[in-house]
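For reference, the structure discussed in these notes is given below.
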Amino acid sequence: MSIVPQRATAEWQEIDRRHYIHPYTDSKSLGEQGTRVITRAEGVHLWDSDGKRYIDGMSGLWCCNLGYGRRDLVEAACEQMRELPYYNSFFKTAHPPAIELAGLLAEVTPAQFKHVFYTGSGSEANDTVIRLVRRYWDIVGQPNRRIIVSRENAYHGSTIAAASLGGQWPVHEQGHLPIPNIVHVGAPYWYGCGGDLTPDAFGIEAARELETKILALGPENVAAFIGEPVQGAGGMIIPPATYWPEINRICERYGVLLIADEVICGFGRTGRWFGSERFGIKADLMSFAKGVTSGYLPLGGVMVGDRVAGPLIEQGGEFYHGFTYSGHPAACALAVANINAMRREGIVDRVHDELGPYLQRRWQEFATHPLVGEVRGVGLLAGIELTRNKATREFFEPIGDVGTVCRDFCFQNGLVMRAVRDTMIIAPPLVSTIADIDEMWILARKSLDMTAAQLGIAA
Ligand code: PXG
């Protein structure tokens, strides 16, 4: 029997309206509309409290990589809860799931990563990154290296530190951010900023902004550079092929630590275990969350590369940092089951060889749609940038309204897609079938056509 009572949708909406402040939401306007209540899910489908079915093109929030309703994942967590529902890793203790997961993570991450620090989320992981970076430079005797360089449109989370790393100015304005010693350079967003340059030329130029910034600040003051391999919540910004190799070169040249935020790209999303492998990023630290448990339970962490782990462990003494839920046993047990299932079922290879290329091929068909300026993607990530004028890549004014219209049509048509400004985003579960991708394509096409019709543009 369900512990949560069954109610009519309107009743839930009323309680929600009275008591619930949602994340990233205008509560007043949600209150007027009424919240959409999702009650159950199976595979790649969701159902709401009125029984309407949706195909989930966003894997929840870019996390439910193995889809919903996996008994093996649920059982792993339940069994662990029965055996040991909670214990911590402070004060020289640990428990089997956290230890086993650490070993597994060292196996599936790039070779320089042999150590993990657990957190409860991606935001906490990026806060931890800042603590690790500062600690590292203190230990190795360069305490002036304090500044971390991030990028416009980056999303690294919602705590004070993670939101400071983020590059979304309205967020900074609301939160009186960033905290000191965090600066930003431009994003490798060719469509929006590349002008007449080729993508490859623009990739070099965007990377060189980092070099210019390091030289202006003084390399002796620069601690690290952080970037998502692909900027997800910032609008599916896929860097040109030239970008990351140039970032590697610059970080190496000035001794700056390189941090890959793998919260979205990690665990198979790009067709490799980590986005760093897909783009050849030589990272010293890697934050992760989301896909490590397919979102079934909250878990995040930082993979600590040898360059940082060596001094931290050998010379650092006690690291005054940790969370009550660092390495929660149920979440770790579930993550072990999740990674084992990914290996057993060949999920990453399937995204690389079959599903990713299929999604990209189908999504490119949208490029000829009159509303579409660019289709870009990698693996099971894709974005459709909507435009007023295909030739000039002109944005709609005000930015974001057309994306919201299209997003609402998607919901109406039974497809979950996310709009970032006027870019429609899809990040389907890694266990989707070809037929699921086809269903998403049909509904996305219908939603684009309805959006065009509303704007008076012939589709
Ligand atoms: N880094 C990246 C790259 C992310 O995408 C975080 C860190 C923070 O993780 P937590 O677990 O603290 O949320 C994220 C989270 C969206 C959306 O609307 C994206 C995220 C979270 C919520 C909404 O696209 N990404």
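Residue indices begin at 1 and follow the sequence shown. Computed from a prediction, not measured in an experiment: that's the story for all the values here. Both ligands and their constituent atoms are indexed starting at 1 by order of listing.
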Under 3.5 Å, which donor-acceptor pairs do the side chains of residues 254-268 form with other protein atoms, sequence neighbours left out?
from, atom 1, to, atom 2, distance (Å)
Tyr254, OH, Glu211, OE2, 2.7
Asp261, OD1, Val263, N, 3.0
Asp261, OD2, Asn126, ND2, 2.9
Asp261, OD2, His156, ND1, 2.7
Glu262, OE1, Gly266, N, 3.4
Glu262, OE1, Gly275, N, 2.8
Glu262, OE2, Gly275, N, 3.3
Glu262, OE2, Ser276, N, 2.7
Glu262, OE2, Ser276, OG, 2.6

Practice problem: Indicate whether the side chain of Glu385 and that of Thr423 have a donor and an acceptor atom separated by less than 3.5 Å. | Solution: yes
Practice problem: Indicate whether the side chain of Tyr136 and that of Arg145 have a donor and an acceptor atom separated by less than 3.5 Å. | Solution: no
Practice problem: Could you pull out the closest heavy-atom pair between Ser164 and Pro178, with the gap in Å? | Solution: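 Minimum heavy-atom separation between Ser164 and Pro178: OG-CA, 3.4 Å.
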Self-check item: ring-ring contact (aromatic ring centres under 6.0 Å, His included) against Tyr20, all qualifying residues, sequence neighbours excluded
Solution: His22
Quiz item: Excluding sequence neighbours, so at least two apart, what forms ring-ring contact (aromatic ring centres under 6.0 Å, His included) with Trp169?
Solution: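 If we apply the ring-ring contact (aromatic ring centres under 6.0 Å, His included) test to Trp169, skipping adjacent residues, the hits are His172, His184.
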Quiz item: If you count only heavy atoms, which residues are under 4.0 Å from ligand 1?
Solution: Leu61, Trp62, Ser121, Gly122, Ser123, Asn126, Tyr155, His156, Gly157, Glu228, Ala233, Asp261, Val263, Ile264, Lys290, Arg418
